[in-house]
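Okay, so here's the structure we're looking at.
Reminder, nothing fancy here: chain letters follow the sequence lines and each chain counts from 1.
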There are 2 protein chains.
Amino acid sequence: MTIQAAKRETIPAPSRGEDTRQRLIEAALEIFAAYGFEGASTRMLADRAGANLAAIPYHFGSKEGLYLAAAHSIVEAAESEMSPVIGKIERALAQRKLDRDAAAALLHELLERFSALVIGSPQADSWSRFVLREQLQPGAAFEIIFEGIMRKNARAFTKLLAILLKRPEGDPRVAVRAQTILGEILVFHSSGTAALRLLGWKEFSAARLKVIQAILRENVDRIVAPVK
Amino acid sequence: MTIQAAKRETIPAPSRGEDTRQRLIEAALEIFAAYGFEGASTRMLADRAGANLAAIPYHFGSKEGLYLAAAHSIVEAAESEMSPVIGKIERALAQRKLDRDAAAALLHELLERFSALVIGSPQADSWSRFVLREQLQPGAAFEIIFEGIMRKNARAFTKLLAILLKRPEGDPRVAVRAQTILGEILVFHSSGTAALRLLGWKEFSAARLKVIQAILRENVDRIVAPVK
DNA sequence: GTCTATAGTCGGATAGAC
DNA sequence: GTCTATCCGACTATAGAC
């Protein structure tokens with residue numbers, strides 16, 4: 001193995017420019033999520049990244065270019081986080097007719113992973129807020145995120161749900177129900193401030209995430225339970 | 001009855017200043033909801049209200065003063081919309097021990113009213129977005145809204161839920177479940193853009209609100225159903 | 001690639017006539 | 001109370017030295 005080949009396999013030593021670029025994207029995720037596009041100034045962004053103001057137009061063309069680059073980085077991160085479960089579900093759906101128990105197990109795994117991502121991980125806090133803001137005022141970044149993550153995940157989720165509810169996949173009632181279940185998770189972010197206050201909590205610790213996940217699981221089991 | 005007394009009972013002829021003030025608040029609800037505090041400019045606000053730029057500092061002291069006045073107006077509107085149900089629930093809780101069926105009926109009424117408010121009414125669209133943005137970045141307006149509406153409504157909701165779940169009111173598992181159920185409704189706003197696309201809908205029409213409400217009701221009934 | 005300096009724009013708020 | 005005109009600060013983007 002040549003030194004060149006070895007280098008390609010390990011983390012490549014980032015050039016100075018590439019490093020600045022990366023730090024700017026990380027700063028952008030935090031700052032845009034916290035203050036919104038207009039609320040964030042290029043000075044804030046550069047300061048947080050430890051970079052120069054002029055580095056933004058240099059690397060990304062404009063403030064908006066940096067914003068879109070941040071959206072892309074969310075897609076990449078969410079993709080790598082969710083793709084193991086999504087892949088497993090897609091393979092299961094393609095290969096054989098899923099029975100109830102197998103479908104329920106996959107559904108639980110999907111929701112647990114998703115709730116941990118949305119509620120638990122401190123890094124994902126910025127992602128959720130960024131996405132939430134973009135939904136409030138959808139622009140080019142919304143297209144990137146919707147096509148990059150949401151469509152594929154929702155599709156896998158809806159298919160599993162259709163099996164459990166014994167309804168055709170295209171039934172709008174299945175899709176609506178999928179949204180309501182996702183809402184049970186997302187509320188802890190979109191209304192997180194109010195939720196924490198009403199619960200008398202200071203933050204969503206790991207222990208509390210477990211409490212939430214247990215209830216989410218119970219709710220879902222009851223919602224998809226066969227009618228007797 | 002004197003003319004003066006008659007005037008007091010009908011809508012009072014608004015003075016020119018009071019009228020401008022009111023139009024500015026209405027514009028503020030729309031514009032701040034759509035673009036956020038920083039994204040909205042005083043020029044946009046004045047134009048939408050058909051008022052002069054200088055009217056904002058004159059009537060409200062500053063752009064922020066107008067923002068807080070808009071928050072207050074949301075509290076008043078939500079109060080008048082929800083208070084009939086909330087009052088009914090509070091009276092029922094105070095006067096007698098509620099049985100399951102009565103509690104369930106009140107819960108359905110509360111959720112139906114709330115979902116119609118959040119998803120259905122076109123005016124409420126601005127309110128929800130305004131509140132959502134304020135949760136993303138809580139400031140003085142959040143206090144006004146939280147203390148003015150959220151606490152009282154959540155309290156009534158949680159008490160009903162505690163009865164149906166046969167658990168003490170203070171049980172965090174009851175409060176968490178309350179949040180998840182609210183999430184089923186709120187998701188159609190906070191993630192409305194994505195939800196509409198995934199459902200293949202253009203907007204939430206009255207007929208579609210009915211579909212959503214039917215599913216919400218079914219979900220809630222299953223969630224609070226007694227364990228067999 | 002990174003820096004300083006600055007151009008050019010737009011924002012919120014004010015002054016003062018009416 | 002309402003208007004026009006204007007100030008002043010903050011912003012994004014660029015130019016050009018290093």
Q. Do the non-hydrogen side-chain atoms of A:Arg217 and A:Leu111 ever get within less than 4.5 Å of each other?
A. no
Q. When you check the phosphate oxygens OP1 and OP2 of D:dT2, does a side-chain N or O of B:Thr20 lie under 4.0 Å from one of them?
A. yes
(Q) Just the rounded figure in Å: distance from C1' of C:dG16 to CG of B:Asn52. (A) 13 Å
Q: May I ask you to say what B:Ala40 touches in the nucleic acid, namely base, sugar-phosphate or nothing, with a heavy-atom cut-off under 4.0 Å?
A: sugar-phosphate
Q: Please state whether the phosphate of D:dA10, meaning OP1 or OP2, lies under 4.0 angstrom from any side-chain nitrogen or oxygen of A:Arg43.
A: no
Q | Atom-pair distance (OH on B:Tyr35; P on C:dG11), nearest Å | A | 13 Å
**Q.** Gap between atoms NE2 and P, on A:His59 and C:dG1 respectively (whole Å)
**A.** 7 Å
(Q) Counting only side-chain heavy atoms from C-beta out, which of C:dA13, C:dG1, D:dT14 sits nearest to A:Tyr58? (A) C:dG1
Q. To the nearest Å, how far apart are B:Phe60 CZ and D:dT2 P?
A. 11 Å
Q | Length of the line joining B:Leu53:CG and D:dC8:C1', which is rounded to integer Å | A | 15 Å
(Q) Does any part of the side chain of B:Glu64, heavy atoms only, come nearer than 4.5 Å to the side chain of B:Phe37, both counted from C-beta? (A) yes
Q. Just wondering, do A:Leu186 and B:Ser191 contact through their side chains at under 4.5 Å, heavy atoms?
A. yes
Q.
I'd like to know if A:Arg23 and A:Asp19 make a salt bridge, using a cut-off of under 4.0 Å between side-chain N and carboxylate O.
A. yes
(Q) Just the rounded figure in Å: distance from P of D:dT2 to CZ of B:Arg21. (A) 12 Å
Q: Figure out the CZ/P separation between B:Phe32 and C:dG11, and round it to whole Å.
A: 13 Å
**Q.** Value in whole Å for how far the C1' atom of C:dG12 lies from CD1 of B:Ile56
**A.** 9 Å
(Q) Is there a side-chain contact between A:Thr42 and the phosphate of D:dT12, meaning an N or O under 4.0 Å from OP1 or OP2? (A) yes
Q.
Judged by each residue's nearest nucleotide on DNA chain D, which is more toward the 5′ side, A:Met44 or A:Ala54?
A. A:Met44
Q) Between A:Asp125 and A:Arg129, is the closest basic N to carboxylate O distance under 4.0 Å? A) yes
